[in-house]
Amino acid sequence: MYGFTSTGARTSLHLIVIASFAAAILLFSGASVPGVPVPWVFQLTGICFGALGVYLLTRYALRSYRYEITKTDLVSADGENVLDLTVTQAVGNKLTVAARISLRDVTDVEVLGRKEFRQKKAALVGGLTLFRYENTPFEPVSCYIVVPDERSVLAIPADDGMVRLLTDAAAANRYTAPDPADE
């Protein structure tokens, strides 16, 4: 029905990965120079930079995600097909379904920047678990999808079409208390 792939220039991420590996090599080389007063400090710092490079490489640089809203075989009470949001992770040629949620379980959708998220985190996440399905740690704006039945909040890149569909689904799923004046 609708889908997009997390793509785009990630030059800052790639530069950090290269710089961390280069720093690790330089620090290990510096530790092997005769007369260095404390070579273990150079080695320990080199290990930290190498670990940072490996983490960023495996967690972000080598992964891509596909976000899709698809129809399922389930039919709702009003006769319409139930829609799912499926997040598929690709690492090389290996595809893995990382998350699948039904849109009828989504109650809230927020598009927030990093600073706004830090301010609203307690209210938005509460006692739920946050799952990030983004392939860059520097994403300026993310879409946060609240699924209380699964006790989770999903963070994906903010794509205009996807946000519109998710917001419509969340608005249809919100429970509105009956108005006492109607009785």
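Only this structure's heavy atoms are used, side chains among them; waters, hydrogens and symmetry mates stay out.
With contacts defined as side-chain heavy-atom distances shorter than 4.5 Å, the pair Arg66/Val87 does not qualify. Two residues are said to be in side-chain contact when any heavy atoms from C-beta on lie closer than 4.5 Å; Ser152 and Leu128 fail this criterion. Side-chain contact between Thr129 and Arg151 is absent, with no heavy-atom pair separated by less than 4.5 Å. Annotation: side chain of Leu57 is in contact with side chain of Leu62 (closest heavy-atom distance under 4.5 Å). Side-chain contact between Phe49 and Leu27 is present, with at least one heavy-atom pair separated by less than 4.5 Å. A heavy-atom distance below 4.5 Å is not found between the side chains of Met162 and Cys143.
When hydrophobic clusters are built by joining Ile, Leu, Val, Met, Phe, Trp and Tyr residues whose side-chain heavy atoms come closer than 4.5 Å, directly or via intermediates, Val33 is not grouped with Leu26.
With Tyr67 contributing its side chain and Tyr133 its backbone, the two residues share a donor-acceptor pair below 3.5 Å. Distance alone, capped at 3.5 Å, places no donor-acceptor pair between the Asn135 side chain and the Ser64 backbone. Using a distance-only test at 3.5 Å, with no hydrogens or angles considered, no donor-acceptor pair links the side chain of Arg104 to the main chain of Leu83. Judged by distance alone, with hydrogens and angles left aside, the side-chain atoms of Ser32 form a donor-acceptor pair with the main-chain N or O of Ser29 at under 3.5 Å.
Residues that satisfy the side-chain contact (heavy atoms from CB on, under 4.5 Å) test with Leu124, not counting sequence neighbours, are Asp108, Glu110, Leu112, Phe117, Tyr144, Val146.
The two atoms that bring Asp105 and Pro148 nearest to each other are O-CD, 3.8 Å, heavy atoms only.
Sorted by first and then second residue, the ring-ring contact (aromatic ring centres under 6.0 Å, His included) pairs with a member in residues 15-37 form an empty list; sequence neighbours excluded.
Between Phe4 and Tyr2, the two ring planes are tilted [angle within 30° to 60°].
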